[in-house]
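Structure record follows, encoded as structure tokens.
Indexing begins at 1, ligand by ligand and atom by atom, following the structure's order.
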Amino acid sequence: MKLLITGGAGFIGSAVVRLAVARGHEVVNLDALTYAACLENVAAAAESPLYAFEQADIRDRAALDRIFAAHRPDAVMHLAAESHVDRSIDGPGDFIETNITGTYNMLEAARAYWVAEGKPEAFRFHHISTDEVFGSLPADPSVQFTEETPYDPRSPYSASKASSDHLVRAWHETYGLPVVLTNCSNNYGPYHFPEKLIPVVILNALAGKPLPIYGTGENIRDWLYVEDHADALLLVVEKGALGRSYNIGGENERTNLELVKTLCSILDAKRPKESGSYADQITFVTDRPGHDARYAIDPSRIRDELGWRPSVTVEEGLEKTVQWYLDNEAWWRPLQDRKGVGQRLGTGGAA
Ligand SMILES: NC(=O)c1ccc[n+]([C@@H]2O[C@H](COP(=O)([O-])OP(=O)(O)OC[C@H]3O[C@@H](n4cnc5c(N)ncnc54)[C@H](O)[C@@H]3O)[C@@H](O)[C@H]2O)c1
């Protein structure tokens, strides 16, 4: 299968690129190379004859038309997006342009290509989205996000992703474009950009800096190992039912405080401090405005219809992740100099 993967130099996109090439798929990686991108993430895949790279911006429709015509993909996996909630609070404009207008451009370029090819039935436009479109859940563990949960986005990021999901469904209903959608929970793992919670905690711990926890640390997330997510995405693009959406979760709900304490105990075992525990560095900071209390995925559709389940628990995945950061300082060290990394963003003027 020839896959056009957008955002393939980012965190999740690069995991999809690596796995797709390893499984023998041809891959065209389309990425604008924003501050969040890193081509080292796909260095191994890039040596394969199955791999091609196109530096292009999804806001540039002419570039997209050229890339579709040049590569003639069997399917699109659309991951390119502005992805950091805190940055969306400080500057929502880029999120509107890339996540909404960019997705509109991708849909129109894909539709024009699909029509020009004679509307092949097997073509797929796979839109990758987030569980944040569903809003915030109460603590009650019996309540989870299903594919029928009404949309209730609450940050500029999640509102932009919700808008893009609606566009994708509309292009299916109105123009018959063959689409599939996925909404997943919080990812973590190797190559996670060092502005997100888990790499920030690991790298601040090693640097002897405070480990910032927003509010009281009681917010709950359902943690999904990025390589499990990539596996689920390839399954959905190949086997997902037309027009259907699938929620993808890690079956691993943890509070942020539990998560950070687990990271500290893994680090205590792997790289012990001279005295005390890394948990001594935990510091509670002003909460994010509009911070959603709980996200949790009901994964029964993807499990029952496609037979997919995550392969690791969060403790196993965190152990692999910590080891990866310990072994890959040459990857993360230069990224810490990129704009905004290491700074408190998205306080809405509150801190
Ligand atoms: N990280 C998560 O936990 C998570 C959870 C659910 C859903 N998602 C979704 O998965 C997708 C990938 O997320 P990620 O964490 O890998 O993001 P990321 O920020 O690590 O990577 C995004 C990539 O998109 C590229 N990009 C951004 N704007 C672009 C543009 N205008 N044109 C072309 N390329 C552009 C960037 O250069 C980067 O390589 C996003 O759509 C995101 O909404 C992420």
Please report which non-hydrogen protein atom sits nearest to [atom], along with the residue it belongs to and the distance in Å to one decimal place.
atom: atom 32 (N) of ligand 1; value: Ile58 N, 3.0 Å
atom: atom 22 (C) of ligand 1; value: Ala81 O, 3.4 Å
atom: atom 21 (O) of ligand 1; value: Gly10 CA, 3.3 Å
atom: atom 20 (O) of ligand 1; value: Phe11 N, 2.9 Å
atom: atom 16 (O) of ligand 1; value: Ile12 N, 2.7 Å
atom: atom 19 (O) of ligand 1; value: Ser83 OG, 2.7 Å
atom: atom 36 (C) of ligand 1; value: Thr34 OG1, 3.3 Å
atom: atom 39 (O) of ligand 1; value: Asp31 OD2, 2.6 Å

Select one of side chain, backbone, both or neither to describe which atoms of [X] lie under 4.0 Å from any atom of ligand 1, heavy atoms only.
X: His78; value: neither
X: Tyr35; value: neither
X: Leu33; value: backbone
X: Ser129; value: backbone
X: Thr98; value: side chain
X: Lys161; value: side chain
X: Cys38; value: neither

Could you tell me, atom by atom, which parts of ligand 1 come under 4.0 Å of a heavy atom of [X]?
X: Ile128; answer: 10 (O), 41 (O)
X: Asn186; answer: 3 (O)
X: Cys184; answer: 5 (C), 6 (C), 7 (C)
X: Ala80; answer: 24 (O), 34 (N), 35 (C)
X: Ala56; answer: 32 (N), 33 (C)
X: Gly7; answer: 23 (C), 24 (O)
X: Tyr157; answer: 8 (N), 42 (C), 43 (O)
X: Arg59; answer: 31 (N)

Decide whether an N or O pair under 3.5 Å exists between [X] and ligand 1.
X: Ala36; result: no
X: Asp131; result: no
X: Leu79; result: yes
X: Asn187; result: yes
X: Ala37; result: no

**Q.** ring pair (Phe, Tyr, Trp, His ring centres under 6.0 Å) evaluation trace for Phe123 with Tyr113
**A.** CA-CA 10 Å; Phe123 182 77; Tyr113 161 74; 5.8 Å; yes
Q: For Gly8 and ligand 1, answer yes if some heavy atom of the residue is under 4.0 Å from a ligand atom, otherwise no.
A: no
Answer yes or no: is there an ion pair linking [X] with [Y], defined by an N-O contact shorter than 4.0 Å?
X: Asp165; Y: Lys161; result: no
X: Arg72; Y: Glu117; result: yes
X: Arg301; Y: Glu148; result: yes
X: Arg23; Y: Asp231; result: yes
X: Arg288; Y: Asp86; result: yes
X: Lys261; Y: Glu258; result: no
X: Glu54; Y: Arg66; result: yes

Q. Is it true that the side chains of Trp331 and Asn41 contain a donor and an acceptor less than 3.5 Å apart?
A. yes
Q) Rounded to the nearest 0.5 Å, how far apart are CD1 of Ile213 and CD1 of Ile282? A) 4.5 Å
Q | Closest heavy-atom pair and its distance - Ala63, Ala56 | A | CB-CB, 4.2 Å
**Q.** Contact summary for Asp31 and Ala37, nearest pair of heavy atoms
**A.** OD1-CB, 3.9 Å
Q. Shared ILVMFWY cluster between Ile5 and Leu233, side chains joined below 4.5 angstrom?
A. yes
Q: Run through Glu195, Arg338, Lys339, His84 and flag the one making a side chain to side chain donor-acceptor pair (under 3.5 Å) with Tyr35.
A: Glu195
Q. Is the Phe193-Phe11 ring centre distance short of 6.0 angstrom?
A. no
Q: May I ask you to check whether over 12 heavy atoms, not counting those of Lys270, lie within 6.0 Å of atom NZ?
A: yes
(Q) Heavy atom to atom 31 (N) of ligand 1, shortest distance: which of Asp57, Leu233, Leu30 holds it? (A) Asp57
Q. Name the one of Trp324, Trp332, Tyr325 that satisfies ring pair (Phe, Tyr, Trp, His ring centres under 6.0 Å) with Tyr191?
A. Trp324
